[in-house]
**Student:** 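Supplied in structure tokens, the structure appears directly below.
In what follows, every chain begins at residue 1, and chains take the letters A, B, ... in the order their sequences are listed.
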Number of protein chains: 2
Amino acid sequence: MPPKQLYSLKSENIPRATIQRLALYVQVLEDLDRQGTEVISSELLAKACTVNPSQIRKDLAYFGEFGVRGVGYYIKDLIGAIKQSLGVDHVWKTVLVGVGNLGRALLNHAEFRLRGFDIIGAFDCDPFKIGEQVSGLEVLCTKRLKEKVHELDVNLGIITTPPERAQRAANHLVEANIHGILNFAPARITVPDYVYVEYVDFFHHMYSLAFHITLEKER
Amino acid sequence: MPPKQLYSLKSENIPRATIQRLALYVQVLEDLDRQGTEVISSELLAKACTVNPSQIRKDLAYFGEFGVRGVGYYIKDLIGAIKQSLGVDHVWKTVLVGVGNLGRALLNHAEFRLRGFDIIGAFDCDPFKIGEQVSGLEVLCTKRLKEKVHELDVNLGIITTPPERAQRAANHLVEANIHGILNFAPARITVPDYVYVEYVDFFHHMYSLAFHITLEKER
DNA sequence: GAGTGTGAATATCTTCACAGCT
DNA sequence: AGCTGTGAAGATATTCACACTC
């Protein structure tokens with residue numbers, strides 16, 4: 001028998017695309033909330049997200065019934081419900097490996113903390129960088145990652161190393177018992193099954209732009 | 001009758017996922033090429049990309065027949081074929097709007113030029129930033145974007161402004177007749193149909209990590 | 001023998017359409 | 001009357017399985 005859950009997951013297999021859209025809904029809903037809107041229908045939210053209204057209702061239905069028939073969704077409640085469903089209703093402690101240009105930019109990116117991701121450790125293997133202060137954090141030697149992660153009870157890791165060092169960074173994170181990795185390095189990494197990896201690769205997006213523009217031009 | 005094409009597109013409707021995977025194949029293939037491998041089967045490439053071998057063959061089949069039965073794919077040839085299919089066999093001139101932490105990091109990111117995306121203009125509306133030199137470029141006022149884009153024949157735009165200024169940046173890019181936009185700002189933007197937009201939102205990925213880890217813990 | 005290219009089968013995701021609540 | 005929640009239908013994407021080629 002499965003353990004009792006914090007929220008009602010109606011199905012085991014939630015499409016990956018649904019999760020991505022939920023993150024989008026939160027973004028758009030928080031915008032609407034700031035603007036003072038209190039209630040919204042799936043139709044209007046759909047328009048703002050450029051998706052189909054049924055899509056939104058289906059996506060939400062995986063987690064529960066958050067709407068009111070004849071009325072729509074109370075925005076504040078819905079934001080709360082989605083955030084709880086996604087597990088972002090609390091702060092996630094995060095470490096970053098690779099203090100290059102991109103790493104620095106992310107460490108200085110205030111939005112991370114704002115969105116519930118608190119980067120509490122910065123690591124690099126370059127002796128010239130170790131000891132440096134970046135955005136209020138002292139850059140530490142990657143060898144000390146495991147120790148620090150245990151000390152501070154960290155859950156997530158971000159890799160911003162050059163591609164050739166991404167696998168080593170991943171190994172350190174796995175060794176430190178981190179179960180979620182966001183990899184910005186343009187390189188595949190191999191990790192055990194229980195570690196979940198997300199890739200952010202700008203070039204894949206640039207390639208996609210190039211392709212679609214080329215296609216359009218040829219028409 | 002459609003105009004003659006540079007490469008043989010077998011179908012009009014190529015899945016978006018296929019394009020993303022092709023970019024991944026190029027990445028992995030270039031790695032293999034650097035390591036000196038000359039030929040690879042769909043099975044081995046599939047393993048390296050963690051996808052299904054038929055998937056690879058199907059993806060490639062949209063563009064042509066690049067393999068040799070009984071042998072596999074010649075890596076150098078395949079890289080060339082995919083790059084040509086995607087339209088990344090030549091340099092794409094690119095401008096960037098929003099010279100904040102992230103913008104600076106991208107301007108300093110040598111890999112962009114290496115991968116065929118040459119960022120030749122940096123724009124911002126902050127008078128304190130205008131005139132500053134970043135990675136060999138003078139930061140210009142966003143008002144001069146149109147003029148510069150025409151002068152230099154630019155095709156792609158990157159938005160790295162704060163979310164509240166993303167739409168204005170997009171308007172400037174559309175005005176300058178740019179047809180492809182990579183938007184790093186965590187905000188939806190509205191553009192005409194003929195403009196293709198790709199979104200890069202770190203937080204969507206962070207949310208996804210949070211969700212999958214939460215799910216795993218509850219099991 | 002080995003491995004591609006591809007139609008057919010399967011799985012997955014999206015949209016429709018409407019019953020059911022407020 | 002209005003809008004959600006959802007089974008059924010439709011569209012898309014992935015995988016299988018094998019004919020075909022080197």
Side-chain angles (χ1 to χ4, degrees), chain A residues 7-25 29 32 37-82 85 208 211, chain B residues 7-25 29 32 37-79 81-82 85 204 208 211:
Chain A
Y7 52 84
S8 57
L9 238 192
K10 291 199 173 172
S11 158
E12 279 298 287
N13 291 323
I14 296 170
R16 178 178 282 242
T18 290
I19 302 302
Q20 287 182 30
R21 279 191 300 267
L22 288 172
L24 171 61
Y25 303 159
L29 287 166
L32 289 165
T37 317
E38 296 197 340
V39 186
I40 194 164
S41 67
S42 61
E43 195 183 329
L44 260 66
L45 180 56
K47 218 163 261 171
C49 299
T50 48
V51 300
N52 181 294
S54 325
Q55 183 81 82
I56 292 189
R57 301 201 295 272
K58 262 267 144 79
D59 285 340
L60 295 175
Y62 284 111
F63 296 94
E65 307 194 358
F66 306 129
V68 182
R69 288 163 199 233
V71 179
Y73 301 89
Y74 288 96
I75 289 185
K76 277 193 202 301
D77 293 354
L78 186 55
I79 293 171
I82 298 178
S85 302
S208 187
F211 171 70
Chain B
Y7 51 85
S8 57
L9 239 192
K10 291 199 173 172
S11 157
E12 278 298 287
N13 291 323
I14 295 169
R16 178 179 282 241
T18 290
I19 302 303
Q20 288 183 28
R21 279 192 299 268
L22 287 172
L24 171 61
Y25 303 158
L29 287 166
L32 288 164
T37 317
E38 297 197 338
V39 187
I40 195 165
S41 66
S42 60
E43 196 184 329
L44 260 65
L45 179 56
K47 217 163 263 172
C49 300
T50 47
V51 300
N52 181 293
S54 325
Q55 183 82 82
I56 293 188
R57 300 200 295 273
K58 261 269 144 77
D59 286 340
L60 296 175
Y62 284 111
F63 295 94
E65 307 194 359
F66 307 128
V68 182
R69 287 162 199 233
V71 179
Y73 301 89
Y74 288 95
I75 289 184
K76 277 193 202 304
D77 294 354
L78 186 54
I79 293 171
I82 298 177
S85 303
H204 292 194
S208 186
F211 170 70

**Student:** Could you give the CG-to-P distance, from L78(A) to dG5(D), as a whole number of Å?
**Tutor:**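 My rounded result for the distance is 9 Å.
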**Student:** Tell me: CG of N13(B) to C1' of dT14(C), nearest whole Å?
**Tutor:**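 To the nearest whole Å, that distance equals 16 Å.
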**Student:** For the pair made of CZ in F66(B) and C1' in dT21(D), what is the distance, rounded to whole Å?
**Tutor:**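 Checked: the CZ to C1' distance equals 18 Å.
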**Student:** Rounded to whole Å, please give me the gap between CD1 in I40(A) and C1' in dC3(D).
**Tutor:**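 Atom CD1 in I40(A) sits about 13 Å away from atom C1' in dC3(D).
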**Student:** Could you check whether S42(A) gets within reach of a base, just the sugar-phosphate, or nothing at all, counting any heavy atom under 4.0 Å?
**Tutor:**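 Sugar-phosphate, backbone atoms only, no base.
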**Student:** Let me know the distance between OH of Y74(B) and C1' of dT4(C), rounded to the nearest Å.
**Tutor:**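 Computing the Y74(B):OH to dT4(C):C1' distance gives 13 Å.
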**Student:** Can you pull the salt bridge (Lys or Arg N to Asp or Glu O under 4.0 Å) pairs that have at least one residue in residues 49-64 of chain A, sequence neighbours excluded?
**Tutor:**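 For residues 49-64 of chain A: R21(A)-D59(A).
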**Student:** Would you jot down, in residue-number order, the residues of residues 46-59 of chain A having a non-hydrogen atom under 4.0 Å from DNA chain C?
**Tutor:**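 Of all residues in residues 46-59 of chain A, the ones placing a heavy atom under 4.0 Å from DNA chain C are N52(A), S54(A), Q55(A), R57(A), K58(A).
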**Student:** Identify which nucleotide among dT4(D), dA19(D), dT22(C) has an atom closest to any side-chain atom of Y73(A), counting heavy atoms from C-beta outward.
**Tutor:** dT4(D)
**Student:** Looking only at side-chain atoms of R69(A), point me to the closest of dT6(D), dG2(D), dT21(D).
**Tutor:** dG2(D)
**Student:** Which residues satisfy the side chain to side chain contact (heavy atoms under 4.5 Å, CB included) test with A81(A), sequence neighbours excluded?
**Tutor:** F66(A)
**Student:** Can you measure L22(B) atom CG to dA13(D) atom P for me and round it to whole angstrom units?
**Tutor:** 14 Å
**Student:** Between G70(A) and E43(B), who's closer to the 5' end of DNA chain C by nearest nucleotide?
**Tutor:** E43(B)
**Student:** Return the value, rounded to whole Å, for the distance between atom CG of L45(B) and atom P of dG5(C).
**Tutor:** 13 Å
**Student:** Please enumerate all residues that pass side chain to side chain donor-acceptor pair (under 3.5 Å) together with D77(B), with sequence neighbours excluded.
**Tutor:** none
**Student:** Should R16(A) be listed as having a side-chain N or O under 4.0 Å from OP1 or OP2 of dC13(C)?
**Tutor:**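 Answer is no, no contact under 4.0 Å.
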**Student:** Return the set of residues passing side chain to side chain contact (heavy atoms under 4.5 Å, CB included) with R69(A) (not counting sequence neighbours), or none when no residue passes.
**Tutor:**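 Checked R69(A) against side chain to side chain contact (heavy atoms under 4.5 Å, CB included); zero matches.
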**Student:** Of all residues at least two apart in sequence or in a different chain, which pass the salt bridge (Lys or Arg N to Asp or Glu O under 4.0 Å) check with K47(A)?
**Tutor:**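 For K47(A), no residue satisfies salt bridge (Lys or Arg N to Asp or Glu O under 4.0 Å) once neighbours in sequence are set aside.
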**Student:** Closest to the V68(A) side chain: dG3(C), dT22(C), dT4(D)?
**Tutor:**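 Of the candidates, dT22(C) comes closest.
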**Student:** Would you kindly give the CD1-to-P distance between I14(A) and dA11(C), to the nearest whole Å?
**Tutor:**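 I14(A) atom CD1 is separated from dA11(C) atom P by 20 Å.
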**Student:** Do S85(B) and Y62(B) have side chains that get closer than 4.5 Å, going by heavy atoms?
**Tutor:** no
**Student:** Taking the side chain as C-beta and beyond, is there a heavy-atom pair between L60(B) and Y73(B) under 4.5 Å?
**Tutor:**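 When only atoms from C-beta onward are counted, Y73(B) and L60(B) do touch, with a gap below 4.5 Å.
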